[in-house]
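Working notes, beginning with the structure itself.
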Amino acid sequence: MADVVERPDGPNDEEDSVVLDAKGLRALAHPVRVQVVGLLRKYGPSTATRLAERLGVNSGTASYHLRQLGAAGFVEEDTGRGNARERWWRSVHRTTWFNDPELAEREPEAALAYQQSVAAIYTLRTQQTLNELQTMPRAWRNTFDMSDWALRLTPEEATALYRELADVIARYRRDDPETAASAPEGAERVAVITQILPELDAPTASSLPAGSQEAEGSATP
């Protein structure tokens with residue numbers, strides 16, 4: 001899924017971003033809809049039939065979720081494509097922002113469903129890369145990394161850390177279907193997933209079950 005952002009502040013001057021309100025949050029509180037939006041952003045306009053094939057659902061299910069997303073303003077019909085028998089859809093935005101703590105408190109079930117869907121998609125993307133890793137060219141295989149670093153921060157420091165990471169990522173080329181053709185030779189899509197996970201009152205290493213150990217600074221080449 002492309003560009004789902006959850007952070008304390010909001011988008012700067014990104015005209016192609018959407019900040020979730022209550023209606024939008026409820027509309028995305030379904031894993032298939034989160035995936036549909038992500039696929040349209042990642043690969044460009046598509047039909048319900050094509051999306052259904054990618055998602056492993058029937059076309060009627062994909063059509064239903066596209067209509068719901070359309071009603072909520074996340075997707076729209078691509079009138080420049082298709083015909084009377086085949087409707088094409090495109091994403092209205094490139095990025096989704098969920099940055100309203102009060103909204104999360106007012107809509108706890110929808111917020112949790114949305115966040116769980118996003119987390120599941122991140123896990124799926126990691127597993128897909130792992131499944132394909134051994135057949136990748138060595139140059140790309142050597143770029144693969146899974147690391148976790150245990151830090152002890154205040155909330156303010158954690159927010160500053162995220163902003164610093166976001167600034168670094170922003171210096172690199174964004175991926176979208178329109179600009180892929182102009183990327184330099186050898187450039188491929190790379191997913192960078194950042195997670196800042198508060199672990200309040202986490203158990204110490206000595207209290208973990210036998211055989212368990214927290215990995216600090218671990219990396220898989």
Side-chain angles (χ1 to χ4, degrees), residues 1-7 17 20 25 28-44 46 50-57 62 65 74 91 93-99 111-151 153 158 161-177 179-180 183 186-200 202-203 208-209 211-221:
M1 176 168 161
D3 296 334
V4 177
V5 183
E6 183 174 351
R7 58 183 287 187
S17 297
L20 291 184
L25 182 61
L28 287 181
H30 193 291
V32 172
R33 292 178 200 166
V34 175
Q35 292 181 78
V36 166
V37 171
L39 289 172
L40 291 175
R41 291 175 180 176
K42 187 174 184 178
Y43 297 109
S46 188
R50 294 167 182 259
L51 290 168
E53 292 174 352
R54 286 186 178 273
L55 294 170
V57 301
H65 288 300
F74 289 102
S91 175
H93 315 98
R94 283 293 305 162
T95 309
T96 300
W97 296 78
F98 181 39
N99 62 328
L112 180 59
Y114 171 67
Q115 292 167 320
Q116 287 177 329
S117 296
V118 172
I121 291 168
Y122 289 166
T123 300
L124 176 62
R125 291 169 76 173
T126 302
Q127 190 60 57
Q128 288 173 334
T129 298
L130 283 170
N131 292 342
E132 299 167 2
L133 193 60
Q134 296 306 315
T135 59
M136 287 183 184
R138 179 180 293 275
W140 281 111
R141 194 162 65 243
N142 290 343
T143 69
F144 178 79
D145 174 76
M146 290 193 301
S147 301
D148 73 286
W149 309 92
L151 307 176
L153 308 175
L161 172 62
Y162 175 84
R163 289 174 176 156
E164 290 179 39
L165 293 173
D167 288 342
V168 171
I169 293 170
R171 297 202 299 263
Y172 289 83
R173 189 180 304 104
R174 286 279 295 273
D175 175 67
D176 61 64
T179 61
E188 300 287 353
R189 180 181 294 109
V190 174
V192 178
I193 298 172
T194 64
Q195 295 178 325
I196 295 180
L197 308 175
E199 298 183 0
L200 307 188
L208 292 173
S212 299
Q213 185 174 353
E214 181 179 346
E216 180 174 351
S218 60
T220 302

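Values below: every heavy atom of this structure, side chains too, minus hydrogens, waters and symmetry copies.
With sequence neighbours excluded, the residues that form a side-chain contact (heavy atoms from CB on, under 4.5 Å) with Leu197 are Gln195. For Ala183, the side-chain contact (heavy atoms from CB on, under 4.5 Å) test picks out Arg173, Ala187, with sequence neighbours left out. Shown here are the side-chain contact (heavy atoms from CB on, under 4.5 Å) partners of Leu153, two or more places apart in sequence or in another chain: Leu151, Glu157, Ala158, Leu161. Under the rule for a side chain to side chain donor-acceptor pair (under 3.5 Å), the partners of Arg33 that lie at least two apart in sequence or sit in another chain are His65. Every residue meeting the side-chain contact (heavy atoms from CB on, under 4.5 Å) condition with Ala113, not counting sequence neighbours, appears here in chain and number order: Ala29. Applying the salt bridge (Lys or Arg N to Asp or Glu O under 4.0 Å) rule to Arg189 yields the partners Asp175; only residues at least two apart in sequence or on another chain are considered. Not counting sequence neighbours, the partners of Asn131 by the side chain to side chain donor-acceptor pair (under 3.5 Å) test are Gln127.
To the nearest 0.5 Å, the span separating CZ on Arg138 from CG on Asn142 amounts to 6.0 Å.
Of all heavy-atom pairs spanning Val34 and Ser117, the tightest one is CG2-CB, 3.9 Å. Here the closest non-hydrogen pair linking Arg174 and Arg94 is NH2-CB, 4.2 Å. Taking all atoms of both residues into account, the shortest heavy-atom contact from Trp97 to Ser17 is NE1-OG, 3.2 Å. The two residues Ile121 and Gln35 have their closest heavy-atom pair at CD1-CG, 3.5 Å.
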Open item on the list: If you apply the rule side-chain contact (heavy atoms from CB on, under 4.5 Å), what do you find for Thr194 with Ile169, and how did you get there?
Closed with: CA-CA 10 Å; Thr194 64; Ile169 293 170; 3.9 Å; yes
- [ ] Decide side-chain contact (heavy atoms from CB on, under 4.5 Å) for Arg41 and Thr96; before the verdict, give the C-alpha distance in whole Å, the side-chain angles of both, and the deciding distance to 0.1 Å.
- [x] CA-CA 11 Å; Arg41 291 175 180 176; Thr96 300; 2.8 Å; yes
Task: Criterion side-chain contact (heavy atoms from CB on, under 4.5 Å) on Phe98 and Leu28, from CA distance to verdict - done: CA-CA 11 Å; Phe98 181 39; Leu28 287 181; over 6 Å; no
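You'll find the side chain of Val118 stays beyond 4.5 Å of the side chain of Gln115, heavy atoms only. Between Val190 and Tyr172, the closest side-chain pair of non-hydrogen atoms is not below 4.5 Å. Within the 4.5 Å cutoff, no side-chain heavy atoms of Val37 are placed close to those of His93.
For the pair Arg54 and Tyr43, the cation sits on the ring face: its NZ or CZ lies under 6.0 Å from the ring centre, inside 45° of the axis.
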